[in-house]
Amino acid sequence: MNKESKQQVVSQLHEKLKRAKAVFLADFRGMNVGKATELRNELRKASVEYKVVKNTLLVLASRDTDKESLQSHFAGPTAVALSYDDPVAAAKVLSRFAKEQQATFKLKAGVLTGKPITVADIQALADLPSREVLIAKLLGTMQAPVANFVGVLAAVPGSFVRALSAIQSKKEGN
């Protein structure tokens with residue numbers, strides 16, 4: 001790679017790092033091409049960009065971004081997963097793959113909305129329910145008081161009607 005193409009790669013990667021909500025680093029030592037392709041396909045389905053980049057280029061690209069704190073992890077073979085939308089989906093795919101491929105794929109660290117996270121944090125993020133499930137739970141929680149209130153309001157006229165019906169039955173019985 002000549003100097004101009006390296007500068008172009010660095011500037012493109014710098015923009016991607018600035019745009020990404022979450023960045024995850026992994027060591028892929030010993031991983032074969034088939035497994036790497038499988039991981040890329042799974043990450044692509046989760047709208048995650050996966051790149052293998054030279055560490056020196058990563059150092060240059062991460063300058064003046066909130067991902068600069070990852071520089072201490074730029075050693076050895078480094079793969080970068082960039083999530084622009086849903087960091088939980090990316091964490092789920094990477095965490096599951098790391099469990100399946102323990103010998104050849106290891107998570108190093110990450111950054112989530114500007115804050116450095118450890119491998120344990122990535123695992124905790126992966127254990128979260130999906131965004132849709134969390135929204136459904138929130139809506140259910142918000143809807144419960146309204147449903148209970150409607151139930152109470154419906155019970156008042158219902159008990160009044162039952163009381164009238166009991167009075168009518170008693171008078172008809174006399």
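The shown structure was predicted, so the numbers you read here are calculated from the model rather than taken from an experiment.
Proximity of a side-chain donor or acceptor of Asn55 to a complementary backbone N or O of Gly76 within less than 3.5 Å is detected. With Ser62 contributing its side chain and Val59 its backbone, the two residues share a donor-acceptor pair below 3.5 Å. Looking only at distances, a side-chain donor or acceptor of Thr141 sits under 3.5 Å from a matching main-chain atom of Lys137. A donor-acceptor pair is defined here as one N or O able to donate and one able to accept, closer than 3.5 Å; such a pair exists between the side chain of Lys106 and the backbone of Gln102.
Val48 and Leu58 end up in different hydrophobic clusters when Ile, Leu, Val, Met, Phe, Trp and Tyr side chains are linked at under 4.5 Å. Residues Leu13 and Leu70 share a hydrophobic cluster, clusters being chains of Ile/Leu/Val/Met/Phe/Trp/Tyr side chains in contact below 4.5 Å. Hydrophobic clustering (ILVMFWY, side-chain heavy atoms < 4.5 Å, transitive): Leu134 and Val93 are in distinct clusters. Side-chain heavy atoms closer than 4.5 Å link hydrophobic residues (I, L, V, M, F, W, Y) into clusters, and following such links, even through other members, never connects Val80 to Leu94.
With contacts defined as side-chain heavy-atom distances shorter than 4.5 Å, the pair Gln123/Val119 does not qualify. Arg44 places a side-chain heavy atom less than 4.5 Å from the side chain of Asn41.
Summarising the geometry of Ala126 relative to Ala91, their closest heavy-atom pair is CB-O, 3.5 Å, with the distance given to 0.1 Å. Nearest heavy atoms, Lys67 versus Val111: CD-CG1, 3.8 Å. Across every non-hydrogen atom of Ile122 and Gly110, the tightest pair is CD1-N, 4.2 Å. Across all non-hydrogen atoms, the minimal contact from Pro157 to Ala154 is CD-O, 3.4 Å.
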Practice problem: Show your working on side-chain hydrogen bond (donor to acceptor under 3.5 Å, both in side chains) between Gln168 and Glu172 and close with a plain yes or no. | Solution: CA-CA 6 Å; Gln168 180 185 6; Glu172 288 176 357; 3.2 Å; yes

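Screening residues 66-111 for ring pair (Phe, Tyr, Trp, His ring centres under 6.0 Å) gives Phe97-Phe105 as the qualifying pairs, with residues at least two apart or on separate chains. Applying the ring pair (Phe, Tyr, Trp, His ring centres under 6.0 Å) test to every pair with at least one member in residues 43-69, sequence neighbours left out, gives no pairs at all.
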Would you give me the side-chain donor-acceptor pairs under 3.5 Å for residues 14-25, sequence neighbours excluded?
residue : atom : partner : partner atom : Å
His14   : ND1  : Ala61   : O            : 2.7
His14   : ND1  : Arg63   : O            : 3.3
Lys16   : NZ   : Glu49   : OE2          : 2.5

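One distance of note links OG of Ser47 with CG of Leu82; it measures 12.5 Å at 0.5 Å rounding. To the nearest 0.5 Å, atom CG of residue Leu112 and atom NZ of residue Lys115 are 8.0 Å apart. Going from atom OG of Ser95 over to atom CG of Asp127 covers 6.5 Å, rounded to the nearest 0.5 Å. Taking NZ of Lys54 as the reference point, atom CG of Leu57 lies at 7.0 Å (rounded to 0.5 Å).
Checking Thr78 against Lys108 by side-chain atom types alone, a donor-acceptor pair falls below 3.5 Å.
For Asp121, the side chain to side chain contact (heavy atoms under 4.5 Å, CB included) partners are Ile117, Thr118, not counting sequence neighbours. Partners of Ala36 under the side chain to side chain contact (heavy atoms under 4.5 Å, CB included) rule, at least two apart in sequence or in another chain, are Met31. Residues satisfying the side chain to side chain contact (heavy atoms under 4.5 Å, CB included) criterion with Ser5, sequence neighbours excluded, are Met1, Asn2.
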